[in-house]
Amino acid sequence: MLAESKAIANLSELLTNDFAEAVEIIFKSKGRLIVTGIGKSAIIAQKIVATLNSTGTPSMFLHASEAIHGDLGMVQQDDVVICISKSGNSPEIKVLVPLLKRFGNILIAITGNLTSFLGKESDYVLNAYVESECDPINLAPTNSTTAQLVIGDALAVALMELRDFKSEDFAKYHPGGALGKKLLLRVKDMLDTTHRPVVAPDSSIKKVIVEISEKRLGVTAVVENDKVIGIITDGDIRRMLNDRDTFNDLTAKDIMTKNPKMIKSNDMVVDALNILEDFSITQLVVVDEGNYLGVIHLHDILKEGIV
């Protein structure tokens, strides 16, 4: 681990103007970014493509050996090509590079050998040199593939900054799973407005208990003149029963909690979750411009897989 971290740290000393110019070329390109390689470098290329696509740079993976057997047709005139190779001299690379140059595509190399065939033939060279691999026999791609991956990440991050890429943009490419829901799901998307628990301030305790039981949210809002003036939870009911032998003389306003925590329907669900966690509560009243819309419950949020 230390050997690989040292190899990565050394990369910053190898940066040249080619990196900045390559980023500008990719950013201004009207085509896609094609990333190619052979062997372990091809696997790294696939990960770089995945990162670029998810951060706003349209990219495609092209296996170098498949390219020279028909897949080269996926490369279009305006595409920029990144070719990854530790040695820069593998047979497939030596066949592929002249073909790309003939098509007129801009070629960016990620290689650890600047004097290699790939290094000399590329328009821009990103130096991925490592002194050695970290395996005992100095043969297995370890430090070198990590270096390639880090350069790919650096390209992606630089392009994100140029595009002023924000979390909202990231959400567009990650709509599924917990991450997408955190970035996209709003309170109104999961709010049931047709079964909102509600009682009047002068409602009997029996009616309060029935409302909480029927709506199955463990809470009811106390509403007067279309405004929420308090809430009553099943916990409030239990505490009342512990403190009193009879409740015939009580109404909703006598046991309600005033000034309950509220949230707007257009707020993010993850913000609702943060409020619930901060105040150790399980329900939030949802209001828009003071109008009561319903209740969002912690269990519903957990079911959505936000956490």
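- One distance of note links CZ of Phe117 with CG of Asn89; it measures 8.5 Å at 0.5 Å rounding.
- Residue Lys188 forms a side chain to side chain donor-acceptor pair (under 3.5 Å) with just one option from Asp267, Asp288, Asn266, and that option is Asn266.
- Although no hydrogens or angles enter the test, the distance criterion places a donor-acceptor pair under 3.5 Å between the side chain of Gln283 and the main chain of Leu217.
- To the nearest 0.5 angstrom, Gln46 atom CD is 12.0 Å from Thr51 atom OG1.
- In this structure, Lys261 places its NZ atom where only 12 or fewer heavy-atom neighbours from other residues, nucleotides or ligands lie under 6.0 Å away.
- Once rounded to the nearest 0.5 Å, the distance linking CD1 of Ile106 with OG of Ser122 reads 11.5 Å.
- Between the side chain of Asn105 and the backbone N or O of Val80, no donor-acceptor pair lies under 3.5 Å.
- Looking only at distances, no side-chain donor or acceptor of Ser213 sits under 3.5 Å from a matching main-chain atom of Val210.
- The aromatic rings of His297 and His299 sit tilted, their planes meeting at an angle between 30° and 60°.
- For Glu131, the CD atom sits in a loose shell: 12 or fewer heavy atoms of surrounding residues, nucleotides or ligands are nearer than 6.0 Å.
- The side chain to side chain contact (heavy atoms under 4.5 Å, CB included) test applied to Met60 returns Arg32, Ile34, Met74, not counting sequence neighbours.
- Residue Gly119 comes nearest to Val125 through the heavy atom pair O-CG2, 3.3 Å, listed as atom of the first residue, atom of the second, then distance.
- Counting only heavy atoms from C-beta outward, the side chains of Leu298 and Leu273 approach each other to under 4.5 Å.
- The number of heavy-atom neighbours closer than 6.0 Å to CG of Asn259, taken from other residues, nucleotides and ligands shown, is 12 or below.
- Salt-bridge check for Lys47 with Asp153: passed, with a basic side-chain N closer than 4.0 Å to an acidic carboxylate O.
- A heavy-atom distance below 4.5 Å is found between the side chains of His63 and Ile38.
- Ile84 and Ile108 fall within a single hydrophobic cluster, where Ile, Leu, Val, Met, Phe, Trp and Tyr are joined by side-chain heavy atoms under 4.5 Å apart, directly or via other members.
- Side chains of Val35 and Leu62 form no contact here, defined as non-hydrogen atoms less than 4.5 Å apart.
- Applying the 6.0 Å contact sphere to NZ of Lys6 captures no more than 12 heavy atoms from other residues, nucleotides or ligands.
- Within the 4.5 Å cutoff, the side chain of Leu15 has no heavy atoms near those of the Asn127 side chain.
- Side chain to side chain, Ser144 and Glu133 meet the donor-acceptor criterion of an N or O pair below 3.5 Å.
- Ion pair Asp249/Arg244 flagged as a salt bridge, since at least one NZ, NE, NH1 or NH2 atom sits closer than 4.0 Å to an Asp/Glu carboxylate oxygen.
- From Thr257, atom OG1 reaches atom CD1 of Ile281 across 10.5 Å, with rounding to the nearest 0.5 Å.
- For Ser90 and Lys94, the side-chain atoms include no donor-acceptor pair closer than 3.5 Å.
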### Task
Walk me through it: do Leu52 and Leu33 pass the test side chain to side chain contact (heavy atoms under 4.5 Å, CB included)?
CA-CA 9 Å; Leu52 289 164; Leu33 182 59; 3.4 Å; yes
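- With hydrophobic clusters built from ILVMFWY side chains whose heavy atoms lie under 4.5 angstrom apart, Leu72 shares a cluster with Leu107.
- Judged by distance alone, with hydrogens and angles left aside, the side-chain atoms of Asp189 form a donor-acceptor pair with the main-chain N or O of Arg186 at under 3.5 Å.
- Distance alone, capped at 3.5 Å, places no donor-acceptor pair between the Lys40 side chain and the Thr145 backbone.
- Between Leu96 and Ala67, the shortest heavy-atom contact is CD1-CB, 3.8 Å.
- For Ile212 against Ile232, the heavy-atom pair with the smallest separation is CD1-O, 3.6 Å.
- Under the 3.5 Å distance criterion, the side-chain polar atoms of Ser12 are left unmatched by any main-chain donor or acceptor of Asn10.
- Formation of a donor-acceptor pair under 3.5 Å by the Ser132 side chain with backbone atoms of Asn138 is not found in this model.
- Considering all non-hydrogen atoms of both residues, Pro197 and Tyr292 come closest at O-OH, 2.6 Å.
- Of the inter-residue distances, the one linking Leu100 atom CG with Cys83 atom SG reads 7.5 Å to the nearest 0.5 angstrom.
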### Message
Assess the residue pair Ile231 and Val285 against the criterion (side chain to side chain contact (heavy atoms under 4.5 Å, CB included)); give the C-alpha distance rounded to whole Å, side-chain angles, the decisive distance to 0.1 Å, and a yes or no.
### Response
CA-CA 8 Å; Ile231 61 167; Val285 175; 3.4 Å; yes
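- Residues Thr220 and Glu211 have side chains that never bring a donor and an acceptor to within less than 3.5 angstrom of each other.
- Side-chain atoms of His195 and Asp192 include a donor-acceptor pair closer than 3.5 Å.
- Linking ILVMFWY residues whenever their side-chain heavy atoms come closer than 4.5 Å, directly or via other members, places Ile8 and Leu14 in the same cluster.
- Nearest heavy-atom pair across Ala156 and Thr55 is CB-OG1, 4.2 Å.
- One finds the CZ atom of Arg239 at 9.5 Å from the CD1 atom of Ile255 (value rounded to the nearest 0.5 Å).
- Using a 4.5 Å cut-off on side-chain heavy atoms (C-beta onward), Ile296 and Met190 make contact.
- Two different hydrophobic clusters hold Val295 and Ile263 under the rule that ILVMFWY side chains link at heavy-atom gaps under 4.5 Å.
- For Gln148 and Ser41, the side-chain atoms include at least one donor-acceptor pair closer than 3.5 Å.
- Heavy-atom minimum distance, Ile229 versus Pro201: CD1-CG, 3.7 Å.
- Counting only N and O atoms by type, the side chains of Thr115 and Asn113 include a donor and acceptor under 3.5 Å apart.
- At least one donor-acceptor pair under 3.5 Å links the side chain of Asn274 to the backbone N or O of Val270.
- Of the possible donor and acceptor atoms, none in the side chain of Thr146 sits under 3.5 Å from a partner among the backbone N and O of Glu4.
- A donor-acceptor pair under 3.5 Å is absent between the side-chain atoms of Thr233 and the main chain of Val219, judged by distance alone.
- Atom NZ of Lys101 is surrounded by more than 12 heavy atoms from other residues, nucleotides or ligands within 6.0 Å.
- Here Arg238 does not pair with Asp243 in a salt bridge; the nearest charged N to carboxylate O distance is not below 4.0 Å.
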Would you be so kind as to tabulate the donor-acceptor pairs closer than 3.5 Å made by side chains of residues 22-31, with sequence neighbours excluded?
unit_1	atom_1	unit_2	atom_2	d
Ser29	OG	Gly31	N	3.1
Ser29	OG	Asp78	O	3.1

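- The hydrophobic cluster containing Phe19 also contains Ile82, counting ILVMFWY residues as joined when their side-chain heavy atoms lie under 4.5 angstrom apart, directly or transitively.
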### Task
Quick one: do Leu11 and Ile151 satisfy side chain to side chain contact (heavy atoms under 4.5 Å, CB included)? Show the steps, please.
CA-CA 8 Å; Leu11 290 177; Ile151 290 174; 4.2 Å; yes
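- Side-chain contact check for Ile68 versus Leu99: some heavy-atom pair is nearer than 4.5 Å.
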#### Entry: Candidate pair Ile209 and Ile205, rule side chain to side chain contact (heavy atoms under 4.5 Å, CB included), full reasoning
CA-CA 6 Å; Ile209 294 173; Ile205 300 302; 4.0 Å; yes
